[in-house]
Colleague: 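Here it is, the structure in full.
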Amino acid sequence: MSDRNDILPTRQTMAGIADQLTGIPLHFPAERRWVIAMAFASALLLLLMISMTELFTRGVGIWGINIPVNWAFAIHNYVWWLGIGHAGTLISALLLLTGSEWRNSLNRFAETMTLFAVVCAGIYPILHLGRPWYVYWMFPYPATMGVWPQFRSPLEWDIWAVLTYLTVSLVFWYTGLIPDLAAARDRATKRGWQIFFGITSLGWRGAAIHWLRWSQAYRVTAALAVPLVVSVHSEVSLLFASGQIPGWHSTIFPPYFVLGAAFSGFAVVAIIAVALRSWFGLRNLVTDDHLDVLGKVLLATGLMTGYGYVFEVFDALYSGEAHEMRTLLDRVAGVYAWTYWGAVLFNFVPLQALWWRGVRRSGWALLLISISVAVGMWLERDMILVTSLYRDFLVSSWSKFTPTFWDWSTYLGTIGLFLVPFLIAIRIIPMISIFETKELLHEEKEKGHHG
Amino acid sequence: MKRDARPYRDQVAPRQGGQWSGVEELSDDPAFQAFVDAEYPAAQQFSPTARREFLKLMGASFALAGLAGCEKSPFVAALPYVDQPDDATIGIPRIYATATVFDGYAQPVLATTYSGRPTKLDGNPDHPVTQGRSDVFMQSAVLGLYDPDRAQAPTRRGEPVSWKDVVAAIGVLREGWTKDGGEGLRLLVGPITSPTLLRQFDALLKQFPKARVHLHAPTGGSAQQSLVTAAYGKPLDLHYALEQCDVIVSLDGDLLGPGLDQVRNARGWATSRHRVADRPGNRLFMAESVPSATGAMAGNRLIADASRMPVLAEALAKALGVSGAAAGELTDRERDWIGRAADACGRARGKSLVVAGAVGGEAAAICAAQINDALGNAGQTLKFTDPIAGPAGAATLAELISDIDAGKVHSVIVIDCNPAYSVPGELNAAGALQRVRTSLHVGLQRDETGVLCEWQLALAHALESWSDARAVDGTATIIQPVIAPFYDVRTIHQILAMLLGEINPASDAAVRETWQAAFGDAFSTRWKQALHDGFVQGAAAFVDARPSSAAVTAPPTQGAVDIVFRPDPTVWDGQFANVGWLQELPKPLTTVTWSNVVAIAPDLAKRIPIASGDHVEVRIGKRSVTGPVWIMPGQAGNTVALYLGYGRTRAGRVGDGRGYDAYQVRPADQPWLAKGSLRKVDGTETLAVTQLHHRMEGFDFVREVNPGDVAKPTLSEQASFYPNWASSENAWGMVIDLDACIGCNACVAACTAENNVPVVGADQVKVGREMHWLRIARYYDGSIEEPRSFFQPVPCMHCEDAPCEMGCPVHATTHSPEGLNQMVYNRCIGTRTCSSYCPYKVRRFNFFDYRAPAESPTQAAHNPEVTVRSRGVMEKCTYCVQRIEAAHVTADKDSRPLRDGEVVTACQQACPTKAIVFGDIKDPNSEVARLKRDGRHYVLLEELGTRPRTTYLARWRDDGSGSGQE
Amino acid sequence: MAQLFSPAADTWMRLFLVGSLSLMAGGTVGIIGFARSTYMTSTDIRPQQPVPFSHRHHAGELGIDCRYCHNNVEQGPQAGLPSTETCMTCHSQIWTNAAMLEPVRQSLAHHMPIEWTRVAKLPDYVYFRHDIHIAKGVGCESCHGRIDKMALTYRAKPFTMEFCLDCHRDPAPRLRPPEHITDMAWTPPVDARAKGEAIAAHEKIRFGELTHCSVCHR
Amino acid sequence: MAERAYGMLGEFESSEALLAAARQARAAGYRELDAFTPFPVEGLARILKIQRPTISLVGLISAFAGGGTALLMQVFVNYDYPLNVGGRPVYALSAFAVVTFELTILFSAVAMVVAMLWQNGLPRLNHPIFAAARFHLASKDRFILCVKSEDPMFDEQETAVFLAGAGAASVERVPP
């Protein structure tokens, strides 16, 4: 029955999908737009390189940080980027396990996004070091000093968590990519593409036994990735919650951070989904139904994050702890209240439009709301960091924080660091999972037959 | 403490020269020498030996600067002595007793030297005045020695000349002076206590009887002397015995504030304040126009405009029944305060003291003198000596200028003072100097005066000189050099000797001559004893004095507001403007650094309206000056305070162009208080402030107790989830008595000197990156118009369950078995987690490379026992672990346990009021353990469960009950 | 569709994979080893000295006690290099005209120090003190090796933190009686630990406290 | 004589057709069968009698290895140089949990993917099957059944006929 709730239009054929998707890298359809985007992204990346040169030559003092606000943009952007990354893994892994078929059109670029977002996040812990050239001291190797890393430190946990996350994301992404690379290899006509896809597909043949082993590896890895995501951002929250600083020292932090991460991540997935489908004419694969589902997920995670906000207030009031209450008051009415109210405004007000189906199914509306959420979550990270640090316990150490040019340039630069590889990736690898879409199409058609 | 009995020169500077300085490592490559030549042209003119010393010194300081990671260790040069001095132990500091000179007076010090370069000055514990205590000026004097902008050779009209040229020129001048008996020759000096210098002046005046000496003392001297003369009818020095006082009443006299008497007064006040354990030992009443350290410590503080002081003085006199006192109109608050003060004084006859500050003028000074006399304090808590500083009978600067204008002067010799800068603008001393035919400037720097004079004679620093001087009580110190001069300079006595006609005077000849006469036959033993002790026994003799009953002149009345002039608490009259340590030291009550401010009352600010940092124009008569405003809580509504010492143009790279020059508007005849007006003008600036918030916000960071409320000591171990770590033999801890802390910053300055704390500059301070390991938090309680002020030194708490340590991913900060929170700079990678987690925010981070540039002579001021930190590493208070470890080694070599008091931290050592006590808390008999059992003991942020080793004693609240020892 | 790769390509690919994996593993091991190499620790390098001074001759063959020249070693942090005068104590009597001693005579004549190249050097942030080690029974040889057998002096032990820690963690077996401090040939007795513990007890060495950071770093 | 072929391919247009053909082939006694599909086809393994792979077991073992390594490493470094960090215990197991968890996942995930590739004999760039002219369609929309020449029943002619009979759209000999 054609009015059944299929997420993919069943008119299309597998051959059509294969040709359409492998065609994006093989016969790139949007050369001009890509070049413009790439030029913009490269400019941002160049800005990052300049900022890093300045940073490494002169020191972290080029940023606006001080004592007491000795963590600011670097750490807050780190948390923001990492949070964005989490949506990719959640979409691929969690939804794979729960059998949510709509993920199939989204998971590949969501995973790609994860990968590069984690890279962006990953450089911050190195950049923010006073002496980044000694970052290797954080790894346990038999040093002539005889000194080891300190495993009670949340930062030490952090480096393991992020590296694990990066590795597992990479492995998971690549594993899922192998069959599609093989498909691209088989469609490629130019020698260069043939060699590229020939090597990267590792000689995948799609044999029954290959698929069997592959499925097991892929699904179990997915099963591992879900708790990994939760652990990584919980751990990131411990970076703060392990300190006694008012506004940080709270047990709500791990779930609060994980949900916030998913929230911001889904927003960025929505941004990319809307952009890619209009860019490459993929409305047949990324349908309005997809946007509808994304909108619902965004709304759900947004409301959960909102719960975190409410609970944070409750937590402070319930504790009755004078310093916690003062920090709470300062967040809503202090010098940096604009970050708090900005976060509330950008995160939750436009979000409410998603209660309407029409809004969810409109690309533009979803795009704008998602951008608002990304901004809102950025402000939230800033708020959590700065408002806790700039006024902690002793009044005599209170200070303020003003970002400098280099704070902003480093942050904008990482957007370039994200976009450049992402743009390269959409040129050379299939951005939507070919075989999974085919599988879904097959299942839908089959159901159509039986239905 | 090891101290050498033999004269310095005999030990370390053998006659051949060349090997006194056993610097083991130096960079001797030609590139380095070329660089030194380029950077220090004067060094090229050094004698070969002097030059070698200089290079060695520089090489040594370079060796300190490294902080490397895993780099391959290079082979470097090692230079042994050619002829090793018998008792030189390489690497062990040698300590010499000497003195620095501050406004002419000796500040007796023990100088710690490594390989012939002084790195740290501390008070001489045996000296009757300081008893080992110090102030910020003494602590920072060593950096003045290494000032890169010091005059490095004599110059004539800016061109370097040799001392031979100088001597030749003096010879020519002397011929002229001899002819006319010195007619038209004038000497301009600051206050002088040096017996040798006074003797040389006398000799000079004998040679040239028509020459005249003029005195220029911008922060005291004649200006204050005239008040005393008015009060007692003759010039006198007043000496307060605060240690014997039950009640102290001050009328805008900043007894505990910065200045010559700070150490003595603070020590005396703290002694009487803490002579009993269960209540405050004295009561302090302060009426003040501008908040001061004394006001902050006063249990009874009255805010009154500066021009009210004479009225208050009269009222107090009347309340105490001093005959002849008239009654002025008083407000309710004033009447109440006078009543309480009079009541307290009345019950403490002979044990009280009334002090009038300079702003009260002659009227207040006379009243105070009469009250003290009536109460029987004179001779008890107030003692008199003949003036200690000379030259006696010197004329004033104003007279010199009018003489110049009258064409009566052809030669001026300016000795170690800076009239072109520190003189009331209306006198135009600079213009006058330029009209003189021959002018000589003798000074450490080619400053504002130096550039105007034809000759600038580079003066040796006190630490490089043989000299002598008297402390505030008259006790003389023979100043011995602790380093050979590394510039082409001469001591003040050598230059005076040249003026007296000597060709090549030895640096110690004049001083020896003076003391030869004084010591007589016992010269050689007494000389050695004096050098060893650091002073010559014998203070000035007390004399009797009766207050005059002269009529009182009315204070000036024109103008809208009272304008009070104060020396700056850190750069003083401007002479320390180029000392980075002092520039970066927060001014005690404002925490402003690197600038002076126009302090106004909150009330006045509201009326204008104006905010801190906005510019105001202050006008007195026809002259005006523009500076940034500071709204000072607790300042009297109609009083404006201007701070001297800033707005310099020729101080050097550190001090030039900072703040405004208050001398410009200072009236010559009213140096302390004038009437004027102020108005807001365009412009605003961000002041480099180290503390932005000052209210306690309802928290009890600083606690107060009433004498009756002192609970029985409760020594409960703070609970912890973690098992206790085994502690070693010693468990270090610190107690800071907030009732004793007067916020003077001596501890901060001492810490800076001891621990190589870098100076970061005004711009870095503005963004909150000052590096002091110890900050004096200043809090206000109450309304902004009438707050109570509190000081709280906050060093590292050395928490037993330290949150910071847990945050470090690389084991760069860990805990020692002795309870120290250790920071290993060379392991730090700069994640700054420790600082984020620190509830006390006492950690400091090297956001940039804050090390002094390699070519700066200030490198030589570094303590070689403490690593110089590079960019990107965290640092913080270590409880002076280098001193602990050194004491351990000493004790371990004797296989004996450490004794209480064997380890003294730099802050503790400097504190004039002994507010900081450090020691072994495991030893029940130690001072620190005793204080931890005191009823006033409390833990800062105890609720966090960090179990700090640094704890506090609460401040006494003055409920009127505590007064002295009954 | 034709084959994209020849059979040989697989061989190359496997070689490449195995090769890069071994390179990574080998590189890691290599770097860790290199940090301990004689090159990085500067051991076994005999730097040029202005005078070819032989410890073998002076300390070994002539049996001059270490402290005769390094006379600061019991009092201060640094052992101290002998002053020119110390050299001339003997060399004004013997070998007075030897060409190789010319720099020493020059030094005395011109009052300029002899510029030796330092062999035993610790980083600036390490605060090592000779005096306390000597006082507590650590022999010269423990760190400086058999100086009495060195013609030209070299660094015998790698002065890495590991090297220091080895002893600071467990000093007992390495301690020797005071009379053997400068004894180059001293070998630990069979019951070195028991003997060392006795010394440590006598000298009140605080075991377990020698490895905290501030002992050496300030 | 021509070399012995690698096998014989039959191309099917749907997964259902493939499954039916595979079932027929098993019934006909063919044992050395392989199938190439554009996506994993459910039930194929059962028909081809392929054993359940052991990837998840590898994952489990590696998980223990990872967790164990992490825990041992953290205990060891604190045993090797025990330092008092904020008064916390030397063996602060609760603090070690995070890294232990992360390494458990890391080892497990990486090992599974490596095992998958290893057992599949990947990477393998040159394989006889790539020489088949229509093999590339297996990654597009065709489902290919291959009878390998090792099969005792394999005979080029007969097998080709059999495949065609089973409904193959085309039959192709794969050269060795």
Side-chain angles (χ1 to χ4, degrees), chain A residues 58-71 75 125 128-135 137-138 143-145 147-159 239-240 242-246 248 321-323 326 385 388-389 391-402 404, chain B residues 69-70 591 690-699 701 764 767-770 775-779 792 794 803 805-812 814 824 827-833 835-849 870-874 940-941 943-946:
Chain A
R58 293 184 55 207
V60 288
I62 62 168
W63 294 337
I65 49 176
N66 54 25
I67 302 284
V69 192
N70 66 145
W71 282 352
I75 298 295
H128 102 290
L129 292 182
R131 302 201 292 173
W133 50 95
Y134 289 132
V135 67
W137 285 354
M138 291 179 86
T144 57
M145 289 175 276
V147 185
W148 300 97
Q150 204 276 93
F151 282 100
R152 296 167 202 81
S153 161
L155 263 86
E156 186 61 28
W157 306 341
D158 197 46
I159 203 138
L239 221 58
F240 306 99
S242 294
Q244 291 180 310
I245 302 304
W248 285 4
E321 220 276 303
H323 293 284
R326 198 202 43 70
L385 246 163
S388 280
L389 277 178
R391 291 188 169 187
D392 65 342
F393 292 103
L394 294 183
V395 172
S396 62
S397 61
W398 288 4
S399 186
K400 56 197 190 309
F401 168 73
T402 317
T404 62
Chain B
C70 67
T591 77
T690 61
Q691 186 181 338
L692 297 173
H693 297 271
H694 309 283
R695 305 185 64 86
M696 259 192 278
E697 301 278 336
F699 296 106
F701 306 139
Q764 292 291 300
V767 288
R769 295 174 182 169
E770 67 278 1
R775 69 170 183 270
I776 299 197
R778 194 273 324 272
Y779 294 116
Q792 181 172 44
V794 188
E805 293 171 12
M806 201 201 69
C808 180
V810 292
H811 273 129
T814 59
V824 192
R827 176 69 180 172
C828 178
I829 60 174
T831 68
R832 307 187 291 288
T833 318
S835 173
S836 287
Y837 287 2
C838 175
Y840 307 93
K841 288 287 176 286
V842 290
R843 286 171 165 268
R844 296 284 175 256
F845 189 69
N846 289 272
F847 288 94
F848 289 123
D849 192 346
S870 71
R871 157 193 151 190
V873 303
M874 194 61 77
L940 184 59
L941 296 179
E943 65 273 22
L944 298 181
T946 54

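Throughout, protein chains are lettered first and strands after them, A, B, ... in sequence-line order, and every chain is numbered starting at 1. If you're wondering where the values come from, they're calculated on a predicted model, not measured in any experiment.
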Colleague: The criterion is salt bridge (charged side-chain N to carboxylate O under 4.0 Å, His left out); which residues satisfy it with B:K841, sequence neighbours excluded?
Modeller: A:D392

Colleague: Let's test your reading of the structure: which of A:N70, A:V60, A:L129 forms the most heavy-atom pairs below 4.5 Å with chain B?
Modeller: A:N70

Colleague: For A:W248, is it the side chain, the backbone, both or neither that has a heavy atom under 4.5 Å from a heavy atom of chain B?
Modeller: side chain

Colleague: Identify which part of B:V810 has an atom lying under 4.5 Å from any heavy atom of chain A, answering side chain, backbone, both or neither.
Modeller: both

Colleague: I'd like to know which of A:A143, A:S153, A:P68 tops the heavy-atom pair count under 4.5 Å against chain B.
Modeller: A:S153

Colleague: Minimum heavy-atom separation for A:S396 and B:Y779, please, with both atom names.
Modeller: OG-OH, 3.1 Å

Colleague: Go through the atoms of B:E805 and report whether side chain, backbone, both or neither lie under 4.5 Å from a heavy atom of chain A.
Modeller: backbone

Colleague: Can you tell me how far the CZ atom of A:R391 sits from the CD1 atom of A:I245, to the nearest 0.5 Å?
Modeller: 15.0 Å

Colleague: Counting only non-hydrogen atoms closer than 4.5 Å, does A:I62 touch chain B with its backbone (N, CA, C, O), its side chain (CB onward), both, or neither?
Modeller: both

Colleague: What part of A:I67 gets within 4.5 angstrom of chain B, counting heavy atoms only: side chain, backbone, both, or neither?
Modeller: both

Colleague: With only heavy atoms counted, which part of B:F845 is less than 4.5 Å from chain A, the side chain, the backbone, both or neither?
Modeller: both

Colleague: Starting at NE2 of A:H128, measure out to CD1 of A:I65 and round the result to the nearest 0.5 Å.
Modeller: 8.0 Å

Colleague: Distance check, rounded to the nearest 0.5 Å: B:F701 atom CZ versus A:F393 atom CZ?
Modeller: 9.0 Å

Colleague: Flag the one option from B:E697, B:H694, B:M874, B:M696 with the top tally of heavy-atom pairs under 4.5 Å to chain A.
Modeller: B:E697

Colleague: Select one option (side chain, backbone, both, neither) describing which atoms of A:I159 are under 4.5 Å from chain B's heavy atoms.
Modeller: neither

Colleague: Counting heavy-atom pairs under 4.5 Å with chain A, which one of B:G768, B:S836, B:C808, B:G872 comes out on top?
Modeller: B:S836

Colleague: Say you draw a straight line from CD of B:Q764 to CZ of B:F847; how long is it, rounded to the nearest 0.5 Å?
Modeller: 8.5 Å

Colleague: Relative to chain A, which of B:G807, B:P803, B:A777 shows the most heavy atom pairs under 4.5 Å?
Modeller: B:G807

Colleague: Counting only heavy atoms closer than 4.5 Å, note whether B:R843 contacts chain A via side chain, backbone, both or neither.
Modeller: backbone

Colleague: Which bit of B:V842 is near chain A, if near means a heavy-atom gap under 4.5 Å: side chain, backbone, both or neither?
Modeller: neither

Colleague: How many angstroms lie between CG in B:L944 and NE2 in A:H323, if you round to the nearest 0.5 Å?
Modeller: 6.5 Å

Colleague: Look at B:A812, B:G830, B:C838 and state which one has the largest set of heavy-atom pairs under 4.5 Å with chain A.
Modeller: B:G830

Colleague: What residue, out of B:T591, B:D849, B:T833, has the most heavy-atom pairs lying under 4.5 Å from chain A?
Modeller: B:T833

Colleague: To the nearest 0.5 angstrom, please state how far the CG atom of A:N66 sits from the CD atom of B:E770.
Modeller: 8.5 Å

